[in-house]
There are 2 protein chains.
Amino acid sequence: MARGTGTSSAKMKDVAERAGVSIKTVSRVLNNEPHVQEKLRQKVREAAEALDYVPSQSARSLRGNRSYDINLVCHVAGSNYVNSIQFGAVFACQELGYQLSISLLENLGGKSIAEIRSAFEGLMRRRKPDGVVLLAPYANDEKIGFVLNEMGIQVVRVGPVDGTQNQGLLVEIDDYQASIDVVRHLTNLGHKRIGFVRGSQDQRSAHVRYSGFCVAMEAAGLVVDQELVRPGAFDFAAGYDAGVHFLGLKQPPTAVFASNDDMAAGVVAACTERGVKVPDDLSIVGFDDAEIATRMRPFLTTIRQPLHDLGARAIHELIGSFNSSTSKNSAHRVVLDHELIIRDTTGSPPK
Amino acid sequence: MARGTGTSSAKMKDVAERAGVSIKTVSRVLNNEPHVQEKLRQKVREAAEALDYVPSQSARSLRGNRSYDINLVCHVAGSNYVNSIQFGAVFACQELGYQLSISLLENLGGKSIAEIRSAFEGLMRRRKPDGVVLLAPYANDEKIGFVLNEMGIQVVRVGPVDGTQNQGLLVEIDDYQASIDVVRHLTNLGHKRIGFVRGSQDQRSAHVRYSGFCVAMEAAGLVVDQELVRPGAFDFAAGYDAGVHFLGLKQPPTAVFASNDDMAAGVVAACTERGVKVPDDLSIVGFDDAEIATRMRPFLTTIRQPLHDLGARAIHELIGSFNSSTSKNSAHRVVLDHELIIRDTTGSPPK
DNA sequence: ACAATTTTTGACAAGGTTGTCAATTCTTGA
DNA sequence: TCAAGAATTGACAACCTTGTCAAAAATTGT
C-alpha cells in the first residue's frame, strides 16, 4: 500500500504525470524521436529513472507491430558450432533489449518454396520475430532467404554464402584464407602428400575450404591427388572412415587436413586404433577449435573460428539494420578474424 | 486485393462475423471456457479454421498479463548437458505454442538474495516469462527459487535437488540408483578396488552420485578407500588429473567410476598417454552418455540420461501447471528412466 | 508589429484480446 | 401458464503503447 511498494510497475502515464508532460511526449523522449525540447527531455528521463519505468513489451508489440524477438533458426543437431554461436547471440540480445528464441527446423534441404514457406509460417505466425539469424546449412539456402524476405522479416546469415544470391546481411570468417593458412603451415613443416577430408556438400563452407586447399596446394607447387581427397559429413564417423582409408593406402599421406574438428578427431581415432603415431607418422589439422580439440590426445592443431563473436555480431548487424533508414536490401558483409592454433597433432613428416 | 490474398491475418472479429456470434463467444470457445452451446462451439471452430485464424500473442499478453514465454536459465558454459536439455525444451515449446528463450547468467553461487533478485529483475522485467526452467547448478539454489517465486514466476527444476527445500516442480532421473547400477556392473565383472571421481561440490548430482556409489560399495561388501576418491569439477582436466593420480598409486584401482563423461574421458586420456590399456588394465565408466562417449576410443561405458526428454518433460510440467487449478505450491516430482550403456571401457579386472 | 511558417506539444484513436456485468434465453416448479 | 432461477450470450471497458492530426508556441520575414 505504501508508495513504492505497489506490485505493478510504473506506466508511461505515471512518468508523464511526474514530469508534467503528456504521455505522447514521454513516448517521444523514450524512443529518441525528434521534436522535443532538451529541457523536457531531461525532465522525462529523470521521471522515468525515478519511477524505474520499464516499457511494456506487449503493448509496444501490439501497437507498433514489432515483437522485439529475434529467432535463431538451425537444424536439430546440437553441435558445438551452433551452440557457441547461439551463446554469443544470447549475450548480444540481452545487452540490446531483445529476446532470442531458438527455432528448430527439420531438414529443409531440397524442399520446395511452398513447403519452406509453410514451415516458417507455422513456426512464426504466433509471434513474428523482427529478425532471423540463419545458420548453416540454412544460411546458404536462397529459397529460405526469399521466403523470409517475403514475410517481411529481416535476415542475417552466418557463414560463407554463394556469391550468386542477393547478399543482404552476412557475417563470416574467411574460410578460404583459413584453409590456405593450414596448407601453408603443413608445407612449411615439409609435408608434400597432404590428404583432405571434405565437409557436407550442402554446406558452402565445405566447398570454400576445399577450394582454399586446392589453391594453396597449387601455390606450393603440389598436386592434389584425388586418392587423398575423401568425402565427409562434418561428423566423427566420416573422419574415422577417411582415416582408415588413408592408413590402408600403399602410399599414405603424411598429413591430413579435415574440414572440421569432429572429423579430425575421427582421423586421430583411426590412427590410435592402428598404432599410428600422431604427429610422428601422420600430422592432422582440423577446423573450428571445438571443445573436442582439447578433449582429445594429442591436442588438435586447428583453425579457431570466433564463434561467439560471430553470433554476437550477427545480432548487432540485425538490430542495427532495424534502426537504420537504409532499405531492406542493403547488403552488408562482415568478416571476422580467424586464427591458426598450432597444438600437438602437427609436426615434421616422417623421413 | 482478392479475397484471401490480404496480407494481414484474420482477427477474432472476423471469426465472430463469419460464425455469426459475438467476439466474446469466439474468445470463450477458443479458450475452452464453459457456458457455450455445443452448436455454437462448432460454428466458431469452423470459422476459425476456415479463416486460418491465429491469436495475437501481443494482444493476449497485454490484456491477459501472460507472456507465453518460457525462459531457460543456465550459466554460461555451453555444455552438452545444457544443450541437449535445451533442444528437448525447444521442441516441446514449439508444440505447445510457447516460445523458449535462453537466459545466460554469470555464476550466481554465493550471491545474496538481493543480488540474485536484481540479476533476475534486470533479465526479466522487459518481458516477464510465465515460467522458468532452472538447470544445474541453479536448480538446487533455493535462493533463486525463492526470488522467482516472489516475482510470481512458476519454476521447474531439472536435476536432483536437496530434499530440504520446498519442492515445487521437479524433473530428474534417479542419480542414486544409476550410481548403484554402475557399481553393480563393475562388481559383477569382478572388480574390488574401484576409484571414484567426484563432481562439482555445488551441484547436487555430484553428491547424490557419490552417495549411491558408497552405498553400493558397502552393499557389495567393499570398502571405499578415500585414497581412491578424487575431487573434480565435471570437466575433462579434473578427470585427467584424477587419472594421473590413480595410475601413480602403488596399488592402483582396477576400475574408475567418474561422475560424468568429460571426466571419464580425461581418465582415459591419462591412460592412453601412459600406455595403460583400457579396459584390460583399467575399466572406466562415465555418466551422461554425452557426445564424447562415442567420440573417444574405446567407446565409453556410461549411464544414459534422457536429456532430451528431461527438457521436454520440464516444459510439459510447467505449462500443465499454468492451466491446472491447483495452487502454485503444488509439488510434483517426475523421475525419468536412465540406462546403463555398456560399451568398450569396461571389462574384467587384470589378474 | 503582424502574417506566415516552422517547431513543439497534446488529445484521441487504434491495435486485438479478455474480464465484468448486464441482458437475454432457457429451464424448472407450482 | 407464469414466476423464479440458471445458463448462455453480448456490449463495453481495459490492458499500455504509438500514430495521426490538430492546437499551441516559437521563429522568421517583411
Side-chain angles (χ1 to χ4, degrees), chain A residues 6-45 47-48 51-69 97 125-128 130 152 322-323, chain B residues 6-45 47-48 51-69 97 125-128 130 152 322-323:
Chain A
T7 54
S8 67
S9 47
K11 307 159 206 171
M12 238 179 207
K13 185 171 149 241
D14 303 317
V15 177
E17 274 168 14
R18 182 171 175 124
V21 298
S22 76
I23 293 182
K24 180 65 215 192
T25 299
V26 175
S27 171
R28 273 193 267 259
V29 172
L30 267 24
N31 290 295
N32 291 312
E33 287 173 26
H35 304 309
V36 181
Q37 283 182 31
E38 194 51 40
K39 202 171 123 190
L40 286 190
R41 285 208 131 85
Q42 286 298 340
K43 264 196 188 169
V44 170
R45 291 220 178 85
L51 294 173
D52 194 32
Y53 169 76
V54 181
S56 148
Q57 291 287 359
S58 28
R60 258 147 85 87
S61 303
L62 178 58
R63 184 66 240 245
N65 207 33
R66 291 179 63 174
S67 63
Y68 300 89
D69 264 350
R125 60 187 201 162
R126 290 184 214 255
R127 179 156 51 203
K128 210 177 75 176
D130 296 336
F322 298 156
N323 304 327
Chain B
T7 54
S8 66
S9 48
K11 306 159 206 173
M12 235 177 209
K13 186 172 150 239
D14 303 317
V15 178
E17 274 169 15
R18 184 172 173 121
V21 298
S22 77
I23 292 182
K24 181 65 215 193
T25 297
V26 175
S27 171
R28 274 195 266 260
V29 172
L30 265 26
N31 290 295
N32 291 312
E33 287 172 25
H35 303 309
V36 181
Q37 283 182 30
E38 192 51 39
K39 201 170 124 191
L40 286 190
R41 286 208 131 84
Q42 286 298 340
K43 264 195 189 172
V44 169
R45 292 221 177 85
L51 294 173
D52 194 30
Y53 168 76
V54 181
S56 150
Q57 290 288 358
S58 26
R60 257 147 85 88
S61 304
L62 177 59
R63 183 65 237 245
N65 207 33
R66 292 178 64 173
S67 64
Y68 300 90
D69 263 351
R125 60 187 200 161
R126 291 183 212 255
R127 178 157 50 204
K128 211 177 73 176
D130 296 336
F322 299 156
N323 304 328

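Chain letters run A, B, ... following the sequence lines, proteins first, then strands; residues in each count from 1.
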Examine the base of D/dT18 for any acceptor or donor lying under 3.5 Å from a partner atom in the side chain of A/Arg63, and report the outcome as yes or no.
yes

Can you work out whether A/Pro34 or B/Ser58 has the more 5'-proximal nearest nucleotide on DNA chain C?
A/Pro34

A/Arg60 side chain near D/dT18 phosphate (N/O to OP1/OP2, under 4.0 Å)
yes

Taken to the nearest 0.5 Å, the spacing of B/Thr25 OG1 from B/Leu30 CG works out to 11.0 Å

Length of the line joining B/Glu33:CD and C/dG19:P, which is rounded to integer Å
6 Å

Please determine, for the side chain of B/Leu62, which listed nucleotide (C/dG15, C/dG10, C/dT17) has the closest atom?
C/dG15

Rounding to an integer number of Å, can you tell me how far A/Lys13 NZ sits from C/dA11 P?
13 Å

Rounded to the nearest 0.5 Å, how far apart are OG of A/Ser58 and CZ of B/Arg60?
12.5 Å

Closest-nucleotide mapping onto DNA chain D: is A/Ser56 or B/Val36 further toward the 5' terminus? I mean the 5' end.
B/Val36

Euclidean distance, atom CZ of residue A/Arg28 to atom C1' of C/dT7 [Å, nearest integer]
11 Å

When you get a sec, tell me which of D/dG10, D/dT18, C/dG19 is the closest nucleotide to the side chain of A/Ile23?
D/dT18

Going from CG on B/Leu62 to OG on A/Ser61, what distance comes out if it is rounded to the nearest 0.5 angstrom?
9.5 Å

Between C/dT17, C/dT9, C/dG16, spot the one nearest the side chain of A/His35, thanks.
C/dT9

Do B/Arg66 side-chain atoms and B/Asp130 backbone N/O form a donor-acceptor pair below 3.5 Å?
no

Atom NZ of B/Lys39 and atom C1' of C/dT25: how far apart are they, to the nearest Å?
13 Å

Please give, in whole Å, the distance from D/dT9 C1' to B/Leu40 CG?
9 Å

In Å and rounded to the nearest 0.5 Å, what is the CD to NZ distance from A/Gln57 to B/Lys128?
14.0 Å

If you check every side-chain atom of B/Asn31, which of D/dC16, C/dT8, C/dT18 has the closest atom?
C/dT18

From NZ of A/Lys43 across to P of C/dT8 the rounded distance in Å is 17 Å

Under 4.0 Å from OP1 or OP2 of C/dT17: is there any side-chain N or O of B/Tyr53 that close?
yes

Can you tell me how far C1' of D/dT17 sits from CE of A/Met12, to the nearest Å?
6 Å

Protein-nucleotide distance (B/Lys24, atom NZ; D/dA14, atom C1'), rounded to Å:
12 Å

So if I take every side-chain heavy atom of A/Lys11 and compare against C/dT18, D/dG10, D/dT17, which nucleotide ends up nearest?
D/dT17

So, is A/Thr25 near the phosphate of C/dT9, with a side-chain N or O under 4.0 Å from OP1 or OP2?
no

Proximal nucleotide (of D/dT17, C/dT8, D/dT9) relative to the A/Gln37 side chain:
C/dT8

